[in-house]
*Asks:* 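Let me begin by handing over the structure; questions about it come next.
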Amino acid sequence: MERVGIIGAGTMGRGIAYVALTHGAEVVLYDVVEEALERARAQIEGWLQEALAKGRLAEAEARNALERLRLSDRLEALAAVEVVIEAAPEDLNLKQEVFRRLDDLCAPTAILASNTSSLSITALGAATRRPERVAGMHFFNPAPVMRLVEVVRGLATSEETVRALVDLARRWGKTPVVAKDTPGFIVNRVARPFYLEALRLVGEGVADPSTVDRIMRTLGFRMGPFELMDLIGLDVNLAVSESVYRAFFEEPRFRPHPLQRQMVQAGRLGRKTGKGWYDYEGSPA
């Protein structure tokens, strides 16, 4: 049974926790905000009940999964885990500080993985004394549904660490793909034109968000770019856009659009705030 620590009780962190729990892992979910931990527990319970109602889990499995979840607002609670998956906000300085602390807390054999969408795994590894055991393990939103996981190899990441995370992803029912430590890795690199050209169309008055989304769904995409931004979070989308742009030395084709920043400044972050490119009923997630 894996002992897994997850940092960040937001949408992504709680989704990864659910995946781990439903595949037999013991999970310590850490966040500095106690209310976020309680919301995470409630959502995980809801997902388990939904899986139970649909026959995907037996009652004993759902009960046991919840019993293997531990919530903590103290990073020290992760000291005994075998793998840490960090899902903190997309801020390199913040993540490096977290990795420095984990390096002191966790056993030398523990793997420290980041769910970052675009930041340098090599830079995170360099903040530790174990860069060979630092890698990316990038899940996609919503983590319980999306099968793809990017396992990202930093400059010093060992082959053993890559194999361990690939195997872990497979045990959790995911489809891993190994990526090099390049800005945006694979998926977010490909996704930049999807978002940015759509934003330019709207910014130039060529079409509105709903029209762009409808056309993309007609072409076979499950979601249009504006629907997807709302699902991911406008703040996350902007952070990734800025990260890729800076990492490519401000290559013009990766330049973020002013509309992204304007939406974030307005607090319209998408589904999690109840309003983004579209309005959503109910309370923010």
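Note that these values count all heavy atoms, side chains included, but never hydrogens, waters or copies made by symmetry.
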*Asks:* Examine L21 and V4 and state if one hydrophobic cluster contains both, with Ile, Leu, Val, Met, Phe, Trp and Tyr joined whenever side-chain heavy atoms are less than 4.5 Å apart.
*Replies:* yes
*Asks:* Going by an N to O cut-off under 4.0 Å, is there a salt bridge joining D103 and R130?
*Replies:* yes
*Asks:* Just by modelled atom types, is the S120 backbone N or O under 3.5 Å from a matching donor or acceptor in the D181 side chain?
*Replies:* no
*Asks:* What are the two closest non-hydrogen atoms of M12 and F140, and how far apart are they?
*Replies:* CE-C, 3.8 Å
*Asks:* Any chance you could measure R133, atom CZ, to C106, atom SG, to the nearest 0.5 Å?
*Replies:* 11.5 Å
*Asks:* Just verifying a value: how many Å separate T182 OG1 and R153 CZ, rounded to the nearest 0.5 Å?
*Replies:* 12.5 Å
*Asks:* If you define the side chain from C-beta out and look only at heavy atoms, does anything of L48 sit under 4.5 Å from L66?
*Replies:* yes
*Asks:* Indicate whether any N or O donor in one side chain lies under 3.5 Å from an N or O acceptor in the other, for N115 and E86.
*Replies:* no
*Asks:* Not counting sequence neighbours, list each pair that qualifies as a ring pair (Phe, Tyr, Trp, His ring centres under 6.0 Å) and has a residue in residues 33-75.
*Replies:* Y18-W47
*Asks:* Count the heavy atoms of every other residue, nucleotide or ligand shown that sit under 6.0 Å from CG of L148, and state whether that count exceeds 12.
*Replies:* yes
*Asks:* Rounded to the nearest 0.5 Å, how far apart are CG of L196 and CG of L201?
*Replies:* 11.0 Å
*Asks:* Hey, does V149 have a side-chain heavy atom less than 4.5 Å from the side chain of V177?
*Replies:* no
*Asks:* Hey, any chance L92 and L102 share a hydrophobic cluster, counting ILVMFWY side chains that come within less than 4.5 Å of each other, even indirectly?
*Replies:* yes
*Asks:* Hey, does the side chain of T157 reach the backbone of V134 with a donor-acceptor pair shorter than 3.5 angstrom?
*Replies:* yes
*Asks:* Show me the pairs that pass ring pair (Phe, Tyr, Trp, His ring centres under 6.0 Å) and involve residues 208-242, at least two apart or across chains.
*Replies:* F194-F221, F226-W277
*Asks:* With side-chain contact (heavy atoms from CB on, under 4.5 Å) as the criterion, how do M229 and L199 come out once you've worked through the C-alpha distance, each side chain's angles and the decisive distance to 0.1 Å?
*Replies:* CA-CA 11 Å; M229 281 187 270; L199 285 158; 4.1 Å; yes
*Asks:* Do F254 and E242 have side chains that approach each other closer than 4.5 Å (heavy atoms only, starting at C-beta)?
*Replies:* no
*Asks:* Passes side-chain contact (heavy atoms from CB on, under 4.5 Å), I85 versus F139? Steps please.
*Replies:* CA-CA 10 Å; I85 303 173; F139 292 76; 4.2 Å; yes
*Asks:* Should H257 and R200 count as side-chain neighbours, where that means a heavy-atom distance under 4.5 Å?
*Replies:* yes
*Asks:* Give every residue pair that meets the side chain to side chain donor-acceptor pair (under 3.5 Å) criterion with at least one member in residues 213-233, sequence neighbours excluded.
*Replies:* D213-Y278, R217-E227, D230-Y280
*Asks:* Just wondering, more than 12 heavy atoms not from E251 lying within 6.0 Å of its CD?
*Replies:* yes
*Asks:* Find out whether V264 and L269 are in side-chain contact, i.e. whether some heavy atom of one side chain is under 4.5 Å from a heavy atom of the other.
*Replies:* yes
*Asks:* Is the backbone of I232 close enough, under 3.5 Å, to the side chain of N237 for a donor and an acceptor to pair up by distance?
*Replies:* no
*Asks:* Donor-acceptor check, side chain of K95 to backbone of A88, threshold 3.5 angstrom: yes or no?
*Replies:* yes
*Asks:* Throw together a table of side-chain donor-acceptor distances under 3.5 angstrom for residues 160-170, partners on residues two or more places apart or in other chains.
*Replies:*
| residue | atom | partner | partner atom | Å |
| --- | --- | --- | --- | --- |
| T161 | OG1 | E132 | O | 2.8 |
| T161 | OG1 | S158 | OG | 2.9 |

*Asks:* Under 3.5 Å, is there a donor on one side chain and an acceptor on the other for S241 and R192?
*Replies:* yes
*Asks:* Is there a donor-acceptor contact under 3.5 Å from the side chain of R14 to the main chain of R41?
*Replies:* no
*Asks:* Within the supplied structure, the quantity of interest is the number of heavy atoms (other residues, nucleotides, ligands) at a distance under 6.0 Å from R261 CZ; does it exceed 12?
*Replies:* no
*Asks:* Nearest heavy-atom pair of F185 and A179: which atoms, and what distance?
*Replies:* CB-CB, 4.4 Å
*Asks:* List, one per line, each side-chain donor-acceptor pair under 3.5 Å for residues 69-83, sequence neighbours excluded.
*Replies:*
| residue | atom | partner | partner atom | Å |
| --- | --- | --- | --- | --- |
| S72 | OG | R74 | N | 3.0 |
| S72 | OG | R74 | O | 3.2 |
| E82 | OE1 | R3 | N | 2.7 |

*Asks:* What distance separates Q265 CD from D235 CG, expressed to the nearest 0.5 Å?
*Replies:* 12.5 Å
*Asks:* List the atom pairs, donor and acceptor, that lie under 3.5 Å between side-chain atoms in residues 51-63 and the rest of the protein, sequence neighbours left out.
*Replies:*
| residue | atom | partner | partner atom | Å |
| --- | --- | --- | --- | --- |
| K54 | NZ | E50 | OE2 | 3.1 |
| E61 | OE1 | A58 | N | 2.7 |

*Asks:* Below 4.5 Å, heavy atoms only, C-beta onward: do E97 and L94 meet side chain to side chain?
*Replies:* no
*Asks:* Closest approach of G267 and T273, non-hydrogen atoms and distance?
*Replies:* O-OG1, 3.5 Å
*Asks:* What I'd like to find out is whether the side chain of I6 reaches to under 4.5 Å of the side chain of Y30, using heavy atoms alone.
*Replies:* no
*Asks:* Does the side chain of N188 reach to within under 4.5 Å of the side chain of H138, using non-hydrogen atoms?
*Replies:* yes
*Asks:* Compute whether any side-chain donor of one residue and acceptor of the other, for T116 and E90, lie under 3.5 angstrom apart.
*Replies:* yes
*Asks:* Can you measure from CE (M137) to CG (L112) and round to the nearest 0.5 angstrom?
*Replies:* 13.5 Å
*Asks:* Hey, any chance V187 and M146 share a hydrophobic cluster, counting ILVMFWY side chains that come within less than 4.5 Å of each other, even indirectly?
*Replies:* yes
*Asks:* Could you measure the distance from the CD atom of E38 to the CD atom of E34? Nearest 0.5 Å is fine.
*Replies:* 6.0 Å
*Asks:* Examine V19 and I7 and state if one hydrophobic cluster contains both, with Ile, Leu, Val, Met, Phe, Trp and Tyr joined whenever side-chain heavy atoms are less than 4.5 Å apart.
*Replies:* no
*Asks:* State whether D279 and R268 are salt-bridged, where the test is any N-O pair (Lys NZ or Arg NE/NH1/NH2 against Asp/Glu carboxylate O) under 4.0 Å.
*Replies:* yes
*Asks:* Say whether M216 and L234 are linked into one hydrophobic cluster, either directly or through other cluster members, by side-chain heavy-atom distances under 4.5 angstrom.
*Replies:* yes
*Asks:* P176 and V151: which non-hydrogen atoms are nearest, and at how many Å?
*Replies:* CB-CG2, 4.3 Å
*Asks:* Testing the basics here: between G10 and D31, what is the closest heavy-atom pair and its distance to 0.1 Å?
*Replies:* N-OD2, 4.4 Å
*Asks:* Donor-acceptor check, side chain of E150 to backbone of I186, threshold 3.5 angstrom: yes or no?
*Replies:* yes
*Asks:* Which heavy-atom pair separates G125 from P131 by the least distance, and what is that distance?
*Replies:* O-CB, 3.6 Å
*Asks:* Go through the steps to decide whether L119 and L124 satisfy the test side-chain contact (heavy atoms from CB on, under 4.5 Å), and finish with yes or no.
*Replies:* CA-CA 8 Å; L119 297 175; L124 294 178; 5.5 Å; no
